[in-house]
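Heads up, the thing below is written out as structure tokens.
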Amino acid sequence: MRIERLFNILLYLLNHQKVTAAQLSEVFQVSKRTIYRDIDTLSSSGVPLFTVLGVNGGIQLMENYRLNRFTFSEAEKNILIQSLNTQHTLIETDKATELVYKINLLQEGEQTSAFQVNFTEATLHRGSIERDVQNKLSAIQTAMSVGEKIQINYIAGDGTTTKRIVQPLELLLKDGSWYLSAYCELRKSQRLFKLTRIRSFEHLPLKNDYLSKDDLMVETPNLTTIELQFEKNQLGKLYDYFLEKEMSLCDTCINVRFKYDSRKNILPFLLMFGSNVKVIAPIALKNSYQDEVKKMNES
DNA sequence: TGTGCTAATCCCAGGAGACA
DNA sequence: TGTCTCCTGGGATTAGCACA
């Protein structure tokens, strides 16, 4: 009870320039004598309090203590609000909404900074699918916050369904889709799971076998040099994916040379360009790309 | 300089909870 | 059940400051 009052007196002092002992005794429903004892306790605990005698006197905190420890500058508040708004736009959470509300209350005077970064259709999903994804995001965040594992039914790209127990590590918004980076007990390694392909999941009871990030093996990418040739009219689109130094322009085409993790399937990316791309190297990729195109023609 | 206001301090006492 | 500790409150007094 007393500890709680001490803390509340400190908060009260932080929110008021100067208060009298009588005022504090009225607010906290204790005698002035008790308030003086509390002030003495706070002071001996290192809180820089000082009192002013006489008319207009009272108890107040050192200004530096107020500014350095317990307040944010307007610029810092704006950064916090922008960050929270960003998270709230991408992943709807009640907590983020509540925090934005509270920090807005802290802003002095009229708010001048409108939210300057907007996420309109951040993913490629249809609205109804996006709502389903938001529910999964929220459930996974809950699991991560309490250190729970989850059991998922996952449909791989080739259509095979597997039941897996995973330890969620991180949520990623990548190429217009949400992914869960998690340690998979079935594969005994870290894997990426696309949220739209997680068809069902359930929380598992807490155990003591939760691995820290440091305990997990980070897989090193197996980089291969890939050479592609694009039609010149694809230049604008190419800036979405490649660095200027990776592209070289000739009279009729654009050559692109870049490093890519060979364990990842690049064919869907290449097919996005239709007939406007040719695979130059490596030969294995060139052959698989041609096989894929042949299959599409046959179907 | 006197008055009023407020902080600060001292002394005493009572209530509640822990403990032997 | 008695003792101890902690917390609290009340009253009296002192001291500093502002103001008429």
Side-chain angles (χ1 to χ4, degrees), chain A residues 1-85 87-88 91-114 138-150 167-168 202-215:
Chain A
M1 188 66 184
R2 186 168 186 235
I3 295 293
E4 189 181 340
R5 192 180 61 242
L6 287 170
F7 184 69
N8 286 331
I9 288 174
L10 184 55
L11 287 179
Y12 195 89
L13 288 168
L14 283 164
N15 286 316
H16 296 78
Q17 287 296 313
K18 190 193 292 172
V19 288
T20 64
Q23 197 178 340
L24 287 173
S25 70
E26 176 71 24
V27 170
F28 296 102
Q29 292 293 298
V30 289
S31 68
K32 285 199 288 182
R33 180 70 191 90
T34 300
I35 292 296
Y36 283 127
R37 271 192 283 255
D38 289 345
I39 294 299
D40 190 44
T41 305
L42 286 172
S43 188
S44 56
S45 302
V47 178
L49 287 157
F50 69 95
T51 55
V52 179
L53 293 174
V55 179
N56 298 322
I59 305 156
Q60 60 189 103
L61 285 166
M62 296 286 286
E63 194 62 20
N64 286 347
Y65 186 74
R66 188 189 305 277
L67 290 173
N68 292 346
R69 302 287 181 87
F70 287 95
T71 61
F72 297 105
S73 68
E74 288 305 296
E76 286 168 337
K77 285 177 203 167
N78 279 332
I79 290 169
L80 275 172
I81 290 170
Q82 301 271 349
S83 304
L84 286 165
N85 273 328
Q87 183 186 339
H88 184 57
I91 310 172
E92 284 186 38
T93 60
D94 293 341
K95 282 292 167 204
T97 314
E98 196 179 314
L99 266 175
V100 169
Y101 173 72
K102 284 180 180 173
I103 292 175
N104 273 326
L105 288 180
L106 290 175
Q107 284 197 302
E108 289 161 6
E110 198 176 335
Q111 265 186 260
T112 52
S113 62
S138 181
I140 291 167
Q141 274 197 316
T142 304
M144 283 195 285
S145 64
V146 295
E148 272 183 348
K149 291 181 181 179
I150 53 175
Q167 175 183 322
E202 60 180 289
H203 295 260
L204 296 178
L206 286 171
K207 288 183 183 173
N208 289 329
D209 58 345
Y210 204 85
L211 301 169
S212 73
K213 267 189 174 179
D214 295 338
D215 296 331

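Just so you know, these numbers use all the heavy atoms, side chains as well, and skip hydrogens, waters and symmetry mates. Just so it is clear, the structure is predicted and the values come from calculations on it, not from any experiment. Reminder, nothing fancy here: chain letters follow the sequence lines and each chain counts from 1.
- One atom, CD1 of A:Ile59, and another, P of B:dT6, lie 12 Å apart when rounded to the nearest Å.
- The shortest distance between side-chain heavy atoms of A:Ile9 and A:Ile35 falls below 4.5 Å.
- Separation of atoms NZ (A:Lys32) and CG (A:Asp38) is listed at 15.0 Å; rounding is to 0.5 Å.
- We find that CZ of A:Arg37 is positioned 8 Å from P of C:dT8, with the value rounded to whole Å.
- Nucleotide C:dA12 holds its P atom 16 Å from the CZ atom of A:Arg33, rounded to whole Å.
- The distance from atom NZ of A:Lys32 to atom C1' of C:dG9 is 12 Å, rounded to the nearest whole Å.
- Distance from the side chain of A:Asp38 is smallest for C:dT8 among the nucleotides C:dT8, C:dG9, B:dT9.
- Shortest non-hydrogen contact noted between A:Ser25 and A:Val30 is CB-O, 2.9 Å.
- Counting all heavy atoms, side chain and backbone alike, A:Glu148 lies closest to A:Pro168 at O-CD, 3.4 Å.
- For C:dT8, the OP1/OP2 oxygens have no side-chain nitrogen or oxygen of A:Thr34 closer than 4.0 Å.
- Following rounding to the nearest Å, A:Leu24 (CG) and C:dT8 (C1') show an atom-to-atom distance of 16 Å.
- An OP1 or OP2 oxygen of B:dA7 is reached within less than 4.0 angstrom by a side-chain nitrogen or oxygen of A:Tyr36.
- In this structure, the CD1 atom of A:Ile35 is 13 Å from the C1' atom of B:dA7, given to the nearest Å.
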